[in-house]
There are 2 protein chains.
Amino acid sequence: MNLSKRCEYGLRALIDIGIASELGRPRLQVSELAAKEKLPVKFLEQILSQLKAAGYVKSKRGKFGGYSLAKRMDRIKFGPVIRLIDGPLAPIRCVSETSYACCTCPDEVHCGLRMLMLDVRNAIAKILDRYTLAEIVEITLRKLHRDKVTPLFLQPSMRFVSILP
Amino acid sequence: MNLSKRCEYGLRALIDIGIASELGRPRLQVSELAAKEKLPVKFLEQILSQLKAAGYVKSKRGKFGGYSLAKRMDRIKFGPVIRLIDGPLAPIRCVSETSYACCTCPDEVHCGLRMLMLDVRNAIAKILDRYTLAEIVEITLRKLHRDKVTPLFLQPSMRFVSILP
DNA sequence: GAAAATCCTACTGCGCAAGTATGAATTTGA
DNA sequence: TCAAATTCATACTTGCGCAGTAGGATTTTC
Ligand code: FES
Ligand code: FES
């Protein structure tokens, strides 16, 4: 039941880009992201490259380059991103919707474990395939505002700007 | 989001012992279990040994030995068994109830990923910490009976015995 | 043209999952 | 009492995938 570091970092980066974007800073550099999240730069670079190839972010090269979102935030669901990086959500393949594989069980239809894990898979998918980046970003922003915390990656000049109307 | 083979095999064995027990055959040998579930004998042996050390099953050595349940089926929940073999249910440690560890996130309180994963963890735990072996065994038996299938590991002499009153 | 960024590919280290292998200890029945 | 059948204990193997590093190529801006 584990999310890989790779996936964790990727999602954290995605959320950060989303937040920054929402605050009027649509593009972030890998080095900024890595600094804020305290992640290895080159590793994060790789991950973003993968997210780019899958169409979640786009990049600008060269000086003042960086990464920005390639689709609307409310169209980015977490499930597919996690599947991309970590593979199926299901705890065992025989209950995976997206990449089924049969197991050695003699009777899949009457397998108790399978029933149980199907339940688990559905519970996981129900959450991850429904929540969008937009929702998470919004909730996070609201929380930050309520607690009067300023998002770290903003330029000093942009701090202390009211987030909500 | 993966259940290890070790854990899968362990749970399958547990369920089988539960079913057999319910049908009046409280003790099964490793070789029987391995044959029915098509698993490597020695590997399963190891796993059962671990389950024994944790108090889920007990064993009898020597000829006609084998493994049987060490506690009431309705006291065996799946969550703890999985935690024993595979570790925490939570996708990331910062949302684990049983083995928390902080991550590199600069602000755990306002971390969007953490919120999301907390939701996932709770959904998983809600299922796995509630279902008991007794329930899974019962459901399985009902299904088998409805479909008129005879559990494989019964002795020939015991087949065709009505399962339900 | 220099600096600053992304892009690309290869490589590494190493820990762990998934078993194998070997033999000792225990129980039963002949 | 001995042989067979079983669990118990420990050590070993093998391969793979995670979590990065390393180094340089390419693109963009000033
Ligand atoms: S575990 Fe997949 S069918 Fe039993
Ligand atoms: S992922 Fe653990 S606090 Fe952000």
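Heavy-atom nearest nucleotides on DNA chain C were determined for A/Ser59 and for B/Glu45, and the one closer to the 5' end corresponds to A/Ser59.
Listed candidates were D/dA22, D/dG20, C/dG23. Nearest to the side chain of A/Lys42 is D/dA22.
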Please lay out, stage by stage, how B/Gln46 and B/Ser49 fare under the test side-chain hydrogen bond (donor to acceptor under 3.5 Å, both in side chains). CA-CA 5 Å; B/Gln46 267 180 34; B/Ser49 168; over 6 Å; no
Using the rule given for side-chain contact (heavy atoms from CB on, under 4.5 Å), can you reason through B/Leu133 versus B/Leu69, listing the C-alpha separation, both sets of side-chain angles and the distance that settles it, and then say yes or no? CA-CA 11 Å; B/Leu133 183 57; B/Leu69 295 177; 4.1 Å; yes
Please evaluate residues A/Arg142 and A/His145 with respect to the criterion side-chain contact (heavy atoms from CB on, under 4.5 Å), reporting the C-alpha separation (whole Å), side-chain torsions for both, the decisive distance (0.1 Å), and the verdict. CA-CA 5 Å; A/Arg142 246 210 289 281; A/His145 191 249; 5.8 Å; no
Given side-chain contact (heavy atoms from CB on, under 4.5 Å), test A/Arg114 with A/Cys105 step by step and report yes or no. CA-CA 9 Å; A/Arg114 184 161 182 278; A/Cys105 265; over 6 Å; no
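Atoms CD (B/Gln50) and C1' (D/dC8) sit 14 Å apart, rounded to a whole Å. Atom NZ of A/Lys58 is separated from atom P of C/dA5 by 20 Å (rounded to the nearest Å). Atom CD1 of A/Ile47 and atom P of C/dC8 are 16 Å apart (whole Å). Note: OH (B/Tyr9) to C1' (C/dG19) measures 9 Å, nearest angstrom. Per the geometry, CG belonging to B/Leu48 stands 9 Å off P belonging to D/dT7, to the nearest Å. Between the P atom of C/dT26 and the NZ atom of B/Lys52 lies a distance of 11 Å, rounded to the nearest Å. One can place CZ of A/Phe43 at 18 Å from P of C/dA10, the figure rounded to the nearest angstrom. Rounded to whole Å, the distance from CG on B/Leu44 to P on D/dT6 is 14 Å.
Residue A/Lys126 qualifies as open at atom NZ: its count of foreign heavy atoms under 6.0 Å is 12 or below. In A/Lys143, the NZ atom is crowded: over 12 heavy atoms of neighbouring residues, nucleotides or ligands sit closer than 6.0 Å. In the displayed structure, A/Tyr56 atom OH is contacted under 6.0 Å by more than 12 heavy atoms of other residues, nucleotides or ligands.
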Collect all protein-nucleotide pairs involving nucleotides 28-30 of chain C in which both atoms are nitrogen or oxygen and the distance is under 3.5 Å.
{"from": "C/dT28", "atom 1": "OP1", "to": "B/Lys60", "atom 2": "NZ", "distance (Å)": "2.8"}

Hey, what are the protein-to-nucleotides 11-18 of chain D N/O distances that come in under 3.5 Å?
{"from": "D/dA11", "atom 1": "N6", "to": "B/Gln46", "atom 2": "NE2", "distance (Å)": "3.3"}

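Applying the salt bridge (Lys or Arg N to Asp or Glu O under 4.0 Å) test between B/Asp16 and each of B/Lys36, B/Arg25, B/Lys38 identifies B/Lys36 as the sole match.
As judged by a 4.0 angstrom heavy-atom cut-off over every strand, A/Ser49 is placed among residues making no nucleic acid contact.
No donor-acceptor pair closer than 3.5 Å links the side chain of A/Arg93 to the backbone N or O of A/Cys103.
Within the structure, every side-chain polar atom (N or O) of B/Tyr67 is placed at least 4.0 Å from both OP1 and OP2 of D/dT6.
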